[in-house]
Q: 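The structure follows.
Any value given below was found using the heavy atoms of this structure, including those in side chains, with hydrogens, waters and symmetry copies removed.
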Amino acid sequence: MQATFETKIRDISLYPLFDEIADLYGRAERHLYVDRYVHGRPLKELKRAYLARFGLTARQFNAIRAGLDSKVRAARKAHNVRRGCLREKIKAAEKKISALERGLQRPVKACERGNKKTAKAASGKREKKSQRRLRFVLHQKKRRLAKLHAELAVAERAS
């Protein structure tokens, strides 16, 4: 079982010291990320170098490494989830586009009430207006689909 405790330090004269420690840990973590995940250097070699370079203890280095590993693992998982969401959105957009295209191909029923001349003229206007609206919505859905495909391509290249 793991527990987390929190305390407040009332002596504000220690705050500059804490800021320096946080700055040192941050610099060490960023350099460790580049050395380990970008350049692929072995951890054993890095540990010796970082203890000397940053003046860290082995325990401090291990804490920085563990925190960094957790952040990288979480980022990778989030990236995979993002790609999955994009794929689902693409499927939904394709389904909606096919439904809209079927709607454009279907003839619109004429109004059967009242005078045949006015019903025919009114249905023609409705048909044109609804067809224009469908074409507009279809166009926007296709734009959205293209954007989703581009986002997915970027996400696939990044992994």
Q: If you take all heavy atoms of Ala155 and Leu86, which pair is closest and at what distance?
A: CB-CD1, 4.4 Å

Q: Of all heavy-atom pairs between Ala158 and His79, which one has the smallest distance, and what is that distance?
A: CB-CE1, 3.9 Å

Q: For the residue pair Arg135 and His139, establish whether any side-chain heavy-atom pair is separated by less than 4.5 Å.
A: no

Q: If you take all heavy atoms of Arg41 and Leu46, which pair is closest and at what distance?
A: O-CD1, 3.7 Å

Q: Determine, for Lys71 against Glu29, whether the closest basic-nitrogen to carboxylate-oxygen distance falls under 4.0 angstrom.
A: yes

Q: From Leu148 CG over to Ile90 CD1, what is the distance, rounded to the nearest 0.5 angstrom?
A: 5.5 Å

Q: Any side-chain heavy atom of Glu151 sitting closer than 4.5 Å to one from Arg82?
A: yes

Q: Tell me, do Arg144 and Gln140 make a side-chain contact under 4.5 Å, heavy atoms counted?
A: no

Q: For the pair Asp69 and Arg73, find out whether any cationic side-chain nitrogen is under 4.0 Å from an anionic carboxylate oxygen.
A: no

Q: Determine, using the 4.5 Å side-chain heavy-atom cutoff (strictly less than), whether Val72 and Val38 are members of one ILVMFWY cluster.
A: yes

Q: What distance separates Leu56 CG from Lys47 NZ, expressed to the nearest 0.5 Å?
A: 11.0 Å

Q: Would a distance-only check, ignoring hydrogens and angles, find a side-chain to backbone donor-acceptor pair under 3.5 Å from Asn62 to Ala58?
A: yes

Q: Name the residue from Tyr50, Tyr25, Phe54 that meets the ring-ring contact (aromatic ring centres under 6.0 Å, His included) definition with His31.
A: Phe54

Q: Run Val137 and Arg133 through side-chain contact (heavy atoms from CB on, under 4.5 Å) and show every step you take.
A: CA-CA 6 Å; Val137 171; Arg133 179 70 184 154; 3.9 Å; yes

Q: Compare all side-chain heavy atoms of Glu156 with those of Leu152 and state whether any distance is below 4.5 angstrom.
A: yes

Q: Could you tell me the separation between the CG atom of Leu138 and the CD atom of Glu101, rounded to the nearest 0.5 Å?
A: 5.0 Å

Q: Same hydrophobic cluster for Ile12 and Phe18, using side-chain heavy-atom links shorter than 4.5 Å among ILVMFWY?
A: yes

Q: To the nearest 0.5 Å, what is the distance between OG (Ser130) and CG (Leu104)?
A: 9.0 Å

Q: How long is the span from the CG atom in Leu32 to the CZ atom in Phe61, to the nearest 0.5 Å?
A: 5.0 Å

Q: Closest approach of Ser13 and Pro16, non-hydrogen atoms and distance?
A: O-CD, 3.4 Å

Q: Find the distance between CG (Leu145) and CD1 (Ile97) and round it off to the nearest 0.5 Å.
A: 4.5 Å

Q: What residues, two or more places apart in sequence or in another chain, satisfy side-chain contact (heavy atoms from CB on, under 4.5 Å) together with Lys96?
A: Leu100, Lys141

Q: Got a sec, which residues hit side-chain contact (heavy atoms from CB on, under 4.5 Å) with Arg59, two or more places apart in sequence or on another chain?
A: Thr57

Q: Looking at side-chain heavy atoms only, is the closest gap between Arg27 and Arg53 below 4.5 Å?
A: no

